[in-house]
2 protein chains.
Amino acid sequence: MTRNARTYGHFCAVARALERVGDRWSLLVIRDLLTGAKRFTDLMERLGGITPKTLSQRLGELDDAGIVETDREPGRREVWYRLTPAGADLGPIVDGLSWWGLRHAWRWPQPGEPLHAEHLLRSAVQAIGLAGGDHQPARWHFRLDSADYLAESDGHEWSVTASAAPDADAPPDVTVTATTAALAALIFAGADTGVTITGELRAVQRFHRLIGTLAGVTGA
Amino acid sequence: MTRNARTYGHFCAVARALERVGDRWSLLVIRDLLTGAKRFTDLMERLGGITPKTLSQRLGELDDAGIVETDREPGRREVWYRLTPAGADLGPIVDGLSWWGLRHAWRWPQPGEPLHAEHLLRSAVQAIGLAGGDHQPARWHFRLDSADYLAESDGHEWSVTASAAPDADAPPDVTVTATTAALAALIFAGADTGVTITGELRAVQRFHRLIGTLAGVTGA
DNA sequence: CTGGATCCATGATGATACTG
DNA sequence: CAGTATCATCATGGATCCAG
């Protein structure tokens with residue numbers, strides 16, 4: 001096993017935290033689990049560039065640290081990884097990094113740089129929050145490249161959930177159907193080709209108003 | 001030079017941020033600059049365990065990234081490093097890590113683990129905030145191992161500043177004189193041997209009440 | 001097919017010593 | 001005081017392979 005037990009040797013809570021989540025890739029694994037439980041290959045797909053060895057190692061370390069739970073059921077092939085409550089408490093830190101990255105480390109997509117729906121949605125809702133938003137609840141259902149996502153606001157904070165099939169008990173305000181690339185074009189360039197938005201007129205208008213804020217934030 | 005230009009290749013603000021501050025030691029350098037500008041050797045002392053080579057490399061990368069500013073004056077030996085506004089914007093992330101570390105990654109001091117006054121004060125004020133505090137402004141002057149620190153609250157957020165000589169225009173509510181080890185003993189074990197606290201009675205009582213919260217937080 | 005493990009190359013970090 | 005230089009070690013990346 002020989003788990004990475006490198007420490008900083010500081011009696012300091014920041015150093016203690018970084019001993020658990022400061023390794024390369026760790027916070028990105030947590031980022032992708034914040035939108036819901038995933039399998040090894042789901043994570044491999046989102047974490048483009050990670051090697052299976054490193055992912056396996058990180059999941060093991062995060063499990064040891066009580067941040068990730070491994071769900072293996074006898075007779076089931078799939079292994080699901082999910083955040084523990086302690087792992088979910090890292091949400092504000094990931095959001096903070098997203099906020100800072102949007103403010104100070106923005107870069108347009110590089111050639112050949114893969115774009116994942118979840119990462120796009122995270123940036124988008126972060127930008128809405130950064131721009132002030134409108135402090136109203138919202139419930140937006142996205143169907144991108146045949147996968148479902150839910151972006152919702154309680155009027156205060158936004159969150160993104162993956163694999164959220166529409167729920168009859170809590171219908172979305174708007175439903176957006178597109179490819180991830182088409183949604184990116186809408187958000188960054190205002191081009192709505194290939195994007196279908198349904199919902200009540202006012203809700204759709206509000207969606208357009210709020211989603212338009214990302215270009216402004218990054219252009220500043 | 002050959003600066004570390006490793007990227008994640010994700011079109012994602014979190015990954016963009018981690019490309020700049022995700023390397024080992026980077027956020028600890030930022031942690032120590034958040035309390036004020038420092039020299040190379042000041043940082044070496046606080047970052048126990050870092051090698052001069054790594055510190056030099058990190059400072060160069062953070063300077064390139066616009067997070068740290070290097071202040072060299074001709075004819076002066078000292079080089080001062082300070083955070084830029086973009087660097088100061090990382091404060092909430094460091095505070096978030098401190099909060100999480102206090103909650104989920106606490107460990108009592110290991111044998112031989114050095115304890116730095118700044119790190120102790122950061123944990124202490126973080127714990128006060130975690131425990132709820134009392135949302136009153138405060139201004140506490142510490143003189144620990146012959147160095148000055150100021151912990152202050154605007155009633156909402158706490159901050160720590162190093163090398164803050166007492167300011168006649170804004171006198172502190174309480175003044176605490178001790179060694180770092182003695183203050184740690186007060187905070188963690190309630191032992192006030194070797195700690196001198198001066199100020200108005202009510203302010204001193206409040207200090208004792210608030211500083212007593214850390215043991216409770218970590219014991220939970 | 002998913003969920004990894006293994007081997008090797010490379011690059012980042014650590015330890016120690018030394019210098020302008 | 002503010003770093004560099006050198007060498008050793010460890011973590012990560014890339015490719016391939018394997019078991020259920």
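Hydrogens, waters and symmetry mates are skipped; everything else that's a heavy atom, side chains included, is used. Fair warning: this is a prediction, and the values are worked out from it, not measured in the lab. Per chain, numbering begins at 1; letters A, B, ... match sequence-line order.
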Under-4.0 Å side-chain N/O to phosphate OP1/OP2 contact, [X] with [N]:
X: Arg76(A); N: dT2(C); value: no
X: Arg24(A); N: dA12(C); value: no
X: Thr51(A); N: dT12(D); value: no
X: Arg77(B); N: dG20(C); value: no
X: Thr54(A); N: dG13(D); value: yes
X: Gln57(B); N: dA12(C); value: no
X: Ser56(B); N: dG3(D); value: no

Could you check whether Arg72(B) gets within reach of a base, just the sugar-phosphate, or nothing at all, counting any heavy atom under 4.0 Å? sugar-phosphate

Earlier contact from the 5' end, DNA chain D, for Gly49(A) and Trp80(B): Trp80(B)

Counting side-chain heavy atoms from CB outward, which of [options] is closest to [X]?
X: Lys53(A); options: dC1(D), dC7(C), dT4(D); answer: dC7(C)
X: Pro52(A); options: dG3(C), dT12(D), dA15(D); answer: dA15(D)
X: Val79(B); options: dG4(C), dA2(D), dA17(C); answer: dA2(D)
X: Tyr81(B); options: dG3(D), dT12(D), dT2(C); answer: dG3(D)
X: Trp25(A); options: dT12(D), dG3(D), dA5(C); answer: dT12(D)

Round to a whole Å and report the spacing from [atom1] of [X] to [atom2] of [N].
X: Phe40(A); N: dA5(C); atom1: CZ; atom2: P; result: 8 Å
X: Asp23(B); N: dA12(C); atom1: CG; atom2: P; result: 9 Å
X: Ile50(A); N: dG13(D); atom1: CD1; atom2: P; result: 7 Å
X: Leu47(A); N: dG14(D); atom1: CG; atom2: P; result: 14 Å
X: Leu59(B); N: dG3(D); atom1: CG; atom2: P; result: 8 Å
X: Glu61(B); N: dG11(C); atom1: CD; atom2: C1'; result: 13 Å

Tell me whether the guanidinium CZ or amine NZ of Arg58(A) lies under 6.0 angstrom from the six-membered ring centre of Trp25(A) and within 45° of its axis. no

Between Leu27(B) and Leu97(B), the two heavy atoms sitting closest are CD1-CD1, 4.0 Å

Flag the pair [X] and [Y] as a salt bridge only when some basic side-chain nitrogen lies within less than 4.0 angstrom of an acidic carboxylate oxygen.
X: Asp71(B); Y: Arg82(B); answer: yes
X: Asp148(B); Y: Arg143(B); answer: yes
X: Arg139(A); Y: Asp154(A); answer: no

